[in-house]
Amino acid sequence: MKKTLALWAALTAVALFATGCTAGDADTSVPKEAPPTAAPTKAAPSAGQKAPDAPAAPDARAAAYGRWGLKPFAPAPAPPAVKPVVRKPGEPVPVVSDIPTTDKVVFLTIDDGAEKDPEFVAMLRDLKVPVTMFLTDSAIRGDYPYFAPLVAQGHGLANHTLTHPNLRTLSPEAQRKEICGQQDRLTERYGKRPRLFRPPYGNWNEATRTAAAQCGVDAIVLWRESMQIKNMQYQRGDRKLHPGDIILAHFRGPSELKGTTMTEMTANLLRHIQAQGFTVARLEDYL
């Protein structure tokens, strides 16, 4: 029996030596039940792969809004499966000041293009609040490239005539040249043909609708509220936003805004929208 035990000990020592273990390394205890496996974590995106929006997105979004002294908007609802306003074949171009919807959304539209503040481009990049730009060629021709990053961000590109005339004072052919000319100019400069048109000063007549149709416009867009330096000007007596309202703003700078920058005025506008319980949606998703 002693010889058998000695032989067993010798064989064990040889086995431990061959595996690189020592007697102190060997665990002779009874195996314990493995702890529950933790939920797998998502791998970091590889180079060139788009990072996921969650879970870091909420913090990043709050930080982006915080840079402009704002709090994040509630996400806009999913776009409607069927657009509430559609131009049907053979019918006149629709004229809208608001969109028929029960969603608590409003739409931001910005006219002309006179002010070209680089900080505004950065602001929209950070906030990702959609806007539709109704651009006039005489206002933007000095710096066409300024608007390219805004178009690249996905903001709407729309027509506001070549020279910003009062269309009601022009002949039908002159109106057509103003509208179609800007359709061509914007397409040439930004690679997208506008679908929406806004007449300068909101002035239009039936000749305007006919010309817009000839130029491939799907809707003439007016407004319900307009942005002021610190508040909004309302058309309705209750002085409140309503679902689907279209808000008018302009590319303006300190010289027109009594020292206020365009980003400051935009931030004020967004606070008023938020305070009334609304969020901002993309006009082209509804029209």
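Heads up: numbering here begins at 1 and tracks the sequence.
- Atom OG1 of Thr132 sits about 8.5 Å away from atom CZ of Arg198, to the nearest 0.5 Å.
- The shortest side-chain heavy-atom distance between Val105 and Phe278 does not fall under the 4.5 Å cut-off.
- Here the side chain of Lys116 pairs a donor or acceptor atom with the backbone of Gly113 at under 3.5 angstrom.
- Tracing side-chain contacts under 4.5 Å through hydrophobic residues (I, L, V, M, F, W, Y), one never reaches Val86 starting from Leu222; they form parts of separate clusters.
- Separation of atoms CD (Glu206) and CZ (Arg168) is listed at 12.0 Å; rounding is to 0.5 Å.
- Follow the hydrophobic side-chain contacts under 4.5 Å out from Met123 and you reach Phe73 in the same cluster.
- Side-chain contact between Asp285 and Phe107 is absent, with no heavy-atom pair separated by less than 4.5 Å.
- No continuous path of ILVMFWY side-chain contacts below 4.5 Å connects Leu170 to Leu162, so the two sit in separate hydrophobic clusters.
- Side-chain polar atoms of Gln182 and Thr136 form no donor-acceptor pair below 3.5 angstrom.
- A side-chain donor from one of Tyr286 and Asp103 sits under 3.5 Å from a side-chain acceptor of the other.
- At most 12 heavy atoms of other shown residues, nucleotides or ligands fall within 6.0 angstrom of atom NZ in Lys240.
- With no hydrogens or angles considered, no side-chain donor-acceptor pair links Thr261 and Glu119 at under 3.5 Å.
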Exercise for the section: Please test Asp112 against Arg252 for salt bridge (Lys or Arg N to Asp or Glu O under 4.0 Å), starting from the C-alpha separation and ending with a verdict. Expected result: CA-CA 9 Å; Asp112 301 344; Arg252 294 288 184 266; 2.9 Å; yes

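- Between Thr266 atom OG1 and Leu124 atom CG the span is 7.0 Å, to the nearest 0.5 Å.
- Judged by distance alone, the side chain of Arg195 and the main-chain N or O of Leu287 form a donor-acceptor pair under 3.5 Å.
- Residues Pro199 and Thr161 are not in side-chain contact: their nearest non-hydrogen atoms beyond the backbone lie 4.5 Å or more apart.
- Heavy-atom neighbours of Arg239 CZ from other residues, nucleotides or ligands within 6.0 Å: at or below the threshold of 12.
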Exercise for the section: Take Asn166 and Thr169 through the test side chain to side chain donor-acceptor pair (under 3.5 Å) and record every step on the way to the result. Expected result: CA-CA 6 Å; Asn166 179 352; Thr169 69; 5.0 Å; no

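- If you run side chain to side chain contact (heavy atoms under 4.5 Å, CB included) between Ile247 and each of Ile110, Val280, Asp98, Leu269, only Leu269 comes through.
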Practice task
Given side-chain contact (heavy atoms from CB on, under 4.5 Å), test Leu157 with Leu186 step by step and report yes or no.
Solution key: CA-CA 8 Å; Leu157 180 69; Leu186 292 173; 4.2 Å; yes

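- Applying the 6.0 Å contact sphere to NZ of Lys177 captures no more than 12 heavy atoms from other residues, nucleotides or ligands.
- Side-chain N/O atoms of Gln183 and Asn159 include a donor and acceptor closer than 3.5 Å.
- Here the closest non-hydrogen pair linking Pro100 and Pro84 is O-CB, 3.4 Å.
- Arg209 places a side-chain N or O within donor-acceptor distance of the main-chain N or O of Val93, the cut-off being under 3.5 Å.
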Exercise for the section: Please step through side-chain contact (heavy atoms from CB on, under 4.5 Å) for the pair Val121 and Gln153, ending with a clear verdict. Expected result: CA-CA 9 Å; Val121 178; Gln153 288 176 18; 3.7 Å; yes

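- For the residue pair Thr187 and Asp184, no side-chain donor N or O sits within less than 3.5 Å of a side-chain acceptor on the partner.
- The side-chain heavy atoms of Leu283 and Leu196, taken from C-beta on, include a pair separated by under 4.5 Å.
- Within the model, atoms CG of Leu248 and CD of Gln228 stand 9.0 Å from one another, a figure rounded to the nearest 0.5 Å.
- Residues Met232 and Gln276 approach most closely at CE-NE2, 4.3 Å, considering heavy atoms.
- Taking the centre and axis of the six-membered ring of Tyr65, the NZ or CZ atom of Lys71 falls outside the cone set by 45° and 6.0 Å.
- Atom CD of Glu225 and atom NE2 of His272 lie 12.0 Å apart (nearest 0.5 Å).
- Between the side chain of Glu178 and the backbone N or O of Thr163, at least one donor-acceptor pair lies under 3.5 Å.
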Problem - side-chain contact (heavy atoms from CB on, under 4.5 Å) between Arg224 and Ile246, worked out - result: CA-CA 6 Å; Arg224 281 292 184 182; Ile246 297 169; 5.7 Å; no

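- In this structure the side chain of Val129 reaches within 4.5 angstrom of the side chain of Leu108, judged on heavy atoms.
- Cluster membership for Val217 and Trp223, using ILVMFWY side-chain heavy atoms within less than 4.5 angstrom, is shared.
- Here the straight-line distance linking atom OG1 of Thr101 with atom NE2 of His242 works out to 14.0 Å at 0.5 Å rounding.
- When side chains are defined from C-beta on, Phe197 does not count as touching Trp204, because their heavy atoms never get closer than 4.5 Å.
- Side-chain contact, Asp245 with Tyr234: no donor N or O sits under 3.5 Å from an acceptor N or O.
- Heavy atoms only, all atoms of each residue included: Pro72 and Arg61 are closest at CB-NH1, 3.4 Å.
- Two rings, from Phe147 and Phe251, have their centers less than 6.0 Å apart.
- Looking only at distances, no side-chain donor or acceptor of Glu115 sits under 3.5 Å from a matching main-chain atom of Pro254.
- When all heavy atoms are compared, the tightest approach of Gln175 to Ala207 is NE2-CB, 3.7 Å.
- Two different hydrophobic clusters hold Met227 and Val221 under the rule that ILVMFWY side chains link at heavy-atom gaps under 4.5 Å.
- In this structure, Tyr201 has its ring center closer than 6.0 angstrom to the ring center of His164.
- Side-chain N or O atoms of Thr279 include one that pairs as donor or acceptor with a backbone N or O of Ala74 at under 3.5 Å.
- In terms of heavy atoms, Ala114 sits closest to Ala139 at N-CB, 4.0 Å.
- Considering only heavy atoms from C-beta on, Ile99 comes within 4.5 Å of Val85 through its side chain.
- At distances below 3.5 Å, at least one donor-acceptor pair connects side-chain atoms of Lys128 with backbone N or O atoms of Arg125.
- Between Leu127 and Ala64, the shortest heavy-atom contact is CD2-O, 4.2 Å.
- Within the 4.5 Å cutoff, the side chain of Arg176 has heavy atoms near those of the Cys215 side chain.
- With Tyr144 contributing its side chain and Tyr190 its backbone, the two residues share no donor-acceptor pair below 3.5 Å.
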